[in-house]
*Asks:* 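Before I ask anything, let me first share the structure, which is written out below as structure tokens.
When reading the values below, keep in mind they use all heavy atoms of this one structure, side chains included, and skip hydrogens, waters and symmetry mates. Note that the coordinates shown come from a computational prediction; the quantities given were computed from them, not determined experimentally.
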2 protein chains.
Amino acid sequence: MKFSTRSEYGLRAMVVLAGIEDATPVSLRQIASLEQISEQYLEQIFMDLKKAELVQSIRGAYGGYLLARDASEISIRQILEVLEGPIFHCECLGKDGEQPSCSFKEEPCIVQVVWRRLQDGMDHILEGMNLRDLQQGKYL
Amino acid sequence: MKFSTRSEYGLRAMVVLAGIEDATPVSLRQIASLEQISEQYLEQIFMDLKKAELVQSIRGAYGGYLLARDASEISIRQILEVLEGPIFHCECLGKDGEQPSCSFKEEPCIVQVVWRRLQDGMDHILEGMNLRDLQQGKYL
DNA sequence: TTTATATCCTACCTCTTAACTAGGAATATG
DNA sequence: CATATTCCTAGTTAAGAGGTAGGATATAAA
């Protein structure tokens, strides 16, 4: 199990945006150069961040991206949920009428409870961190 | 991010072993049939479980696998660590003399702390669950 | 108006790896 | 010896991560 580079790059970029004082848009070229990331790859990541309304964009020259709301109002969970997608499967219980493949026929299945607990635990940790505090190094 | 089927299959198989009363070895054929898993794939998983000394094996006819120690002495963390391998990278800090690729030059890097907290949180959750209690449905 | 700089959008590519599959050697039982 | 099992290595395949490429659209400044 590991997080994708999407999460790492996207989170790093969001921290960069959180470090901008006034509402100056920052171009992806700047971020990509600063963080040593492919600019076009970053583009795709930001399309998702925008769709999730975590950032807003300004097109054209001197355009770029800025946070859609105050950094303190954006939790790390919200960011990673967008970048990583929902997590933790348990396919042993057959879906929509299929035969269950595992021997724990009950719902919830015994093994599934492990994934569920992990998911809840991670959500709790990530929801407890916001972008402002992260950028200011308060979690170090 | 998601867990591999190795983790799911391996964990399910370990729960099966935990459900055996006496010290009767269970063959992979039985487990594979019970859990609807490829027997040869399960073999590879069990080679790792054995190397980690979580199970012991008995070769030959009427052989099979059994837990290497009492189920209550085996944490879910130990199992998943073997099956999933260590987790959570942060490659933005250059390793062994490389140039760091991210803009947070400090060690620990600002983003890395997120992965670290997640890792610690997951370890804590998984360490708090043991195979005996899982098998007996105490976490449901 | 023209040029430079951006975001927007879609399609494609390429390599890695997860998830198996295959087949045989070694070992134990009866 | 026949059968059942673990042990071990190598090969296969499909999907997805991690990008690239190229062009359309929008905006600011000269």
*Asks:* Please give me every residue in residues 56-66 of chain B whose heavy atoms get under 4.0 Å of an atom in DNA chain C, ordered by residue number.
*Replies:* B:Arg59, B:Gly60, B:Ala61
*Asks:* Between A:Glu35 and B:Phe104, is any pair of side-chain heavy atoms under 4.5 Å apart?
*Replies:* yes
*Asks:* Using a cut-off of less than 4.0 Å, is there contact between a side-chain N or O of B:Ser38 and OP1 or OP2 of C:dA19?
*Replies:* no
*Asks:* Report yes if some heavy atom in the side chain of A:Leu126 is under 4.5 Å from a heavy atom in the side chain of B:Val114; otherwise report no.
*Replies:* yes
*Asks:* Could you list all N or O pairs between the protein and nucleotides 9-17 of chain C that sit under 3.5 Å apart?
*Replies:*
unit_1 : atom_1 : unit_2  : atom_2 : d
C:dC9  : N4     : A:Glu43 : OE1    : 2.9
C:dA11 : N6     : A:Gln44 : NE2    : 3.4

*Asks:* Is there a side-chain contact between B:Leu67 and B:Met14 in this structure, where contact means two heavy atoms from C-beta onward sitting under 4.5 Å apart?
*Replies:* yes
*Asks:* For A:Arg69, does the CZ atom have more than 12 heavy-atom neighbours from other residues, nucleotides or ligands under 6.0 Å away?
*Replies:* yes
*Asks:* Rounded to whole angstroms, how far apart are CD on B:Gln36 and C1' on C:dA19?
*Replies:* 17 Å
*Asks:* Give a yes/no answer on whether the side chain of A:Lys50 brings an N or O atom under 4.0 Å of OP1 or OP2 in C:dC8.
*Replies:* yes
*Asks:* OP1 or OP2 of C:dC20 versus the side-chain N and O atoms of B:Tyr9: is any pair under 4.0 Å?
*Replies:* yes
*Asks:* For residues 44-65 of chain A, run the donor-acceptor check on the side chains, cut-off 3.5 Å, and write out each pair with its distance to 0.1 Å, sequence neighbours left out.
*Replies:*
unit_1  : atom_1 : unit_2  : atom_2 : d
A:Asp48 : OD2    : A:Arg6  : NH2    : 2.7
A:Lys50 : NZ     : A:Ser57 : OG     : 3.1

*Asks:* Send over the distance from B:Glu84 CD to C:dA18 C1', rounded to a whole Å.
*Replies:* 11 Å
*Asks:* What's the CD1-C1' distance between A:Ile31 and C:dA6, to the nearest Å?
*Replies:* 13 Å
*Asks:* Quickly, which of B:Leu66, B:Leu131, B:Ile31 forms a side-chain contact (heavy atoms from CB on, under 4.5 Å) with B:Leu17? Name it, please.
*Replies:* B:Ile31
*Asks:* Measure the distance from CG on B:Leu42 to P on C:dT21 and round it to the nearest whole Å.
*Replies:* 12 Å
*Asks:* Rounded to whole angstroms, how far apart are CD on A:Glu39 and P on C:dT5?
*Replies:* 12 Å
*Asks:* Taking only the side-chain nitrogens and oxygens of A:Ser4, find out if one of them lies under 4.0 Å from OP1 or OP2 of D:dA17.
*Replies:* no
*Asks:* Quick one: A:Tyr41 OH to D:dA17 P, roughly how many Å, whole number?
*Replies:* 8 Å
*Asks:* Closest approach of A:Val111 and B:Arg12, non-hydrogen atoms and distance?
*Replies:* CG2-CG, 3.5 Å
*Asks:* Would you say the side chain of A:Val113 lies within less than 4.5 Å of the side chain of B:Leu134, judging by non-hydrogen atoms?
*Replies:* yes
*Asks:* With side chain to side chain contact (heavy atoms under 4.5 Å, CB included) as the test, would you mind laying out the steps for B:Phe3 and B:Glu84 before giving the verdict?
*Replies:* CA-CA 7 Å; B:Phe3 274 88; B:Glu84 204 66 22; 3.5 Å; yes
*Asks:* When the distance from CD of A:Glu35 to P of D:dG19 is rounded to whole Å, what number comes out?
*Replies:* 14 Å
*Asks:* Between P on C:dA18 and CD1 on B:Ile37, what's the gap in Å once rounded to a whole number?
*Replies:* 17 Å
